[in-house]
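Only one structure is covered here, and it is reproduced in the block below.
Note: hydrogens, waters and symmetry copies are ignored here, and every other heavy atom, side chains too, is used.
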Amino acid sequence: MLLWLATAAILSLAAIVGNLALAGVGEDALAVIRCFAAGAVVASLATEVFPQAFREDRHWAGIATALGVILAFWLGSLAGG
């Protein structure tokens with residue numbers, strides 16, 4: 001539990017610092033940063049979460065992944081991104 005709390009605190013601090021430090025940066029630079037962050041999330045999911053999900057329930061793992069991607073794109077479009 002302490003590891004998760006520390007991770008949440010560090011990520012929250014990084015988000016605040018990043019928001020303040022990149023306040024005047026253009027959309028092109030922010031797009032590159034967001035793409036890099038999205039790639040890091042997908043890479044961590046692919047190495048840690050997907051193999052276990054596939055071992056536990058291979059029939060629903062692919063469907064759940066596809067639905068998650070669709071939901072992420074839909075939420076992104078709602079936010080204007």
Side-chain angles (χ1 to χ4, degrees):
M1 185 63 141
L2 290 176
L3 178 62
W4 284 106
L5 289 173
T7 302
I10 291 169
L11 290 175
S12 298
L13 181 63
I16 292 168
V17 169
N19 193 23
L20 294 173
L22 300 172
V25 174
E27 282 298 316
D28 291 340
L30 290 176
V32 170
I33 294 168
R34 288 179 185 136
C35 286
F36 182 79
V41 169
V42 171
S44 66
L45 287 173
T47 58
E48 296 297 326
V49 176
F50 293 165
Q52 181 180 355
F54 188 77
R55 273 193 306 275
E56 290 180 10
D57 192 352
R58 69 181 56 200
H59 300 293
W60 287 103
I63 293 170
T65 302
L67 290 175
V69 169
I70 291 168
L71 180 62
F73 279 122
W74 181 68
L75 290 174
S77 70
L78 288 178

Going only through I, L, V, M, F, W and Y residues with side-chain contacts under 4.5 Å, is there a path from Val17 to Leu11?
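Different hydrophobic clusters.
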
Rounded distance (nearest 0.5 Å) linking atom OG1 of Thr65 with atom CD1 of Ile70:
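If I round to the nearest 0.5 Å, the distance is 11.0 Å.
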
Can you tell me how far apart OG1 (Thr47) and CG (Leu45) are? Round to the nearest 0.5 Å.
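Going from OG1 on Thr47 over to CG on Leu45, the span is 8.0 Å.
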
Counting neighbours of CZ on Phe50 that are heavy atoms of other residues, nucleotides or ligands and sit closer than 6.0 Å, is the number greater than 12?
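More than 12 heavy atoms, drawn from other residues, nucleotides or ligands, come within 6.0 Å of this atom.
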
Decide yes or no for Leu3 and Thr7: does some side-chain heavy atom of the first lie under 4.5 Å from some side-chain heavy atom of the second?
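A side-chain contact exists here, since the closest heavy-atom pair is under 4.5 Å.
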
Trp74 versus Leu78: any side-chain heavy-atom pair under 4.5 Å?
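In short, these two side chains touch, coming nearer than 4.5 Å.
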
Taking side chain to side chain contact (heavy atoms under 4.5 Å, CB included) as the test, write out the residues that go with Ile10, two or more places apart.
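Result, side chain to side chain contact (heavy atoms under 4.5 Å, CB included) vs Ile10: none returned.
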
Among all residues two or more places apart in sequence or in another chain, which pass the side chain to side chain contact (heavy atoms under 4.5 Å, CB included) test with Glu27?
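Glu27 satisfies side chain to side chain contact (heavy atoms under 4.5 Å, CB included) with Leu30, Arg34 only.
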
Using every non-hydrogen atom in the two residues, find where Ala46 and Pro51 come nearest and quote the distance to one decimal.
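The pair with the smallest heavy-atom distance is O-CD, 3.3 Å.
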
